[in-house]
Amino acid sequence: MTTDPKVIIIHGNGGCTAADAWYSWLERELTARGVHVVNHTFPDNVKARAGIWLPHLEELGADENTVLVGVCHTDLGDSGEAASGYYAAPWQWQQIRDNQEWIAIYHSTDDPHIPVAEPRFVAKQLKCSYFELEDRGHFVDAGALPEIVPWLERKLLK
């Protein structure tokens, strides 16, 4: 990134908040390094509908210097995910690649919610950096995700 990066931490749906998992920890780590971090609970945090979250991201000022954390590409057969509005249209992989300087995905092979085939597929489509961890689950019980900091430092603070 060439100018003042901004990291927007996007928590999960199902009632998740900005205080869950490792989000506050990452906010502290990056803020201490001089990175502008937005970490707050999104509206409609139970259903996380695209019609609410995507405009909210625009309101937060997401732009070409923004880092977003999160990945999956199907509704996984879950009716709530299907109703969110993210999965009806085909993904525009080339457009995503063309509009990003870099992309990284972190996933654990034992994630009980998102099968490892999902992020592997997304990483292949995006031709991005992919970090596969073991025994980390869905990362929701972790108070920290230390593997992400050195990589973000190299990308954000160059």
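Along the sequence shown, residues are numbered consecutively beginning with 1. These values consider heavy atoms only, across backbone and side chains, with no hydrogens, waters or symmetry-generated copies.
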Which residues satisfy the side chain to side chain donor-acceptor pair (under 3.5 Å) test with Glu153, sequence neighbours excluded? Arg33
Do side-chain atoms of Lys127 reach the backbone of Arg97 as a donor and acceptor pair under 3.5 angstrom? no
Let's go through Asp44 and Asn13 carefully: what are the C-alpha distance in whole Å and the side-chain angles of both, what is the deciding distance for side chain to side chain contact (heavy atoms under 4.5 Å, CB included) to 0.1 Å, and is it a yes or a no? CA-CA 8 Å; Asp44 189 40; Asn13 62 359; over 6 Å; no
So how far is it from His40 NE2 to Ile9 CD1, rounded to the nearest 0.5 Å? 11.5 Å
Between Ile8 and Asn39, is any pair of side-chain heavy atoms under 4.5 Å apart? no
From Leu54 atom CG to Arg49 atom CZ, the distance as rounded to the nearest 0.5 Å: 12.5 Å
For Thr41, the side chain to side chain contact (heavy atoms under 4.5 Å, CB included) test, sequence neighbours excluded, returns His11, Thr17, Ala18, Asn45
Between Arg28 (side chain only) and Tyr23 (backbone N and O only), is there a donor and an acceptor less than 3.5 Å apart? no
Short question: side chain of Asp75, backbone of Tyr87 - any donor-acceptor pair under 3.5 Å? no
Sorted by chain and number, sequence neighbours left out, side chain to side chain donor-acceptor pair (under 3.5 Å) with Asp63 holds for Thr66
I would like to know whether Ile10 and Leu57 meet side chain to side chain contact (heavy atoms under 4.5 Å, CB included); could you show each step before the answer? CA-CA 9 Å; Ile10 305 173; Leu57 279 170; 4.0 Å; yes
Are Gln125 and His73 close enough that some pair of their side-chain heavy atoms sits under 4.5 Å apart? no
Hydrophobic cluster identity match, Tyr130 and Phe121, side-chain contacts under 4.5 Å: yes
Do you know the tightest heavy-atom contact between Pro55 and Ala50? CD-O, 3.5 Å
Residues in side chain to side chain donor-acceptor pair (under 3.5 Å) contact with Glu147, at least two apart in sequence or another chain: Arg136
Distance, nearest 0.5 Å, that separates CH2 of Trp93 from CD of Gln95: 12.5 Å
For Phe42, is there any backbone N or O sitting under 3.5 Å from a side-chain donor or acceptor partner on Trp53? no
Mind checking what makes side chain to side chain contact (heavy atoms under 4.5 Å, CB included) contact with Ala104, not counting sequence neighbours? Tyr106, Ser129, Phe131, Trp151
Rounded to the nearest 0.5 Å, how far does CH2 of Trp102 lie from CG of Leu126? 13.5 Å
Val38 vs Val7, test: side chain to side chain contact (heavy atoms under 4.5 Å, CB included). Steps then yes/no. CA-CA 6 Å; Val38 176; Val7 173; over 6 Å; no
Determine, stepwise, if the pair Thr74 / Glu118 fulfils side chain to side chain donor-acceptor pair (under 3.5 Å). CA-CA 8 Å; Thr74 72; Glu118 288 273 317; 2.6 Å; yes
Just verifying a value: how many Å separate Leu30 CG and Leu152 CG, rounded to the nearest 0.5 Å? 6.0 Å
List the steps and the verdict of side chain to side chain contact (heavy atoms under 4.5 Å, CB included) for Gln94 and Ile96. CA-CA 5 Å; Gln94 185 63 47; Ile96 294 169; over 6 Å; no
Do you know the tightest heavy-atom contact between Ile105 and Pro119? CG2-CB, 3.9 Å
Measure the spacing between CZ of Phe139 and NE2 of His113 and express it to the nearest 0.5 Å. 12.0 Å
When you measure from the side chain of Lys6 to the backbone N and O of Gly61, does any donor-acceptor pair fall under 3.5 Å? yes
Tell me, please, which residues at least two apart from Asp78 pass salt bridge (charged side-chain N to carboxylate O under 4.0 Å, His left out). none
Is Glu101 paired with Lys155 through a side-chain N to carboxylate O contact shorter than 4.0 Å? no
Strictly by modelled atom types, are Glu134 and Ser108 linked by a side-chain donor-acceptor pair under 3.5 Å? no
Please check if Trp91 and Val122 belong to a single hydrophobic cluster, counting links between Ile, Leu, Val, Met, Phe, Trp and Tyr side chain heavy atoms closer than 4.5 Å. yes
What I'd like to find out is whether the side chain of Ser84 reaches to under 4.5 Å of the side chain of Lys47, using heavy atoms alone. no
Side-chain touch Ile148/Leu26, heavy atoms, less than 4.5 angstrom: yes
Could you tell me whether the side chain of Glu81 and the main chain of Leu76 form a donor-acceptor pair under 3.5 Å? no
I'd like to know whether the aromatic ring centres of His138 and His107 sit less than 6.0 Å apart in this structure. no
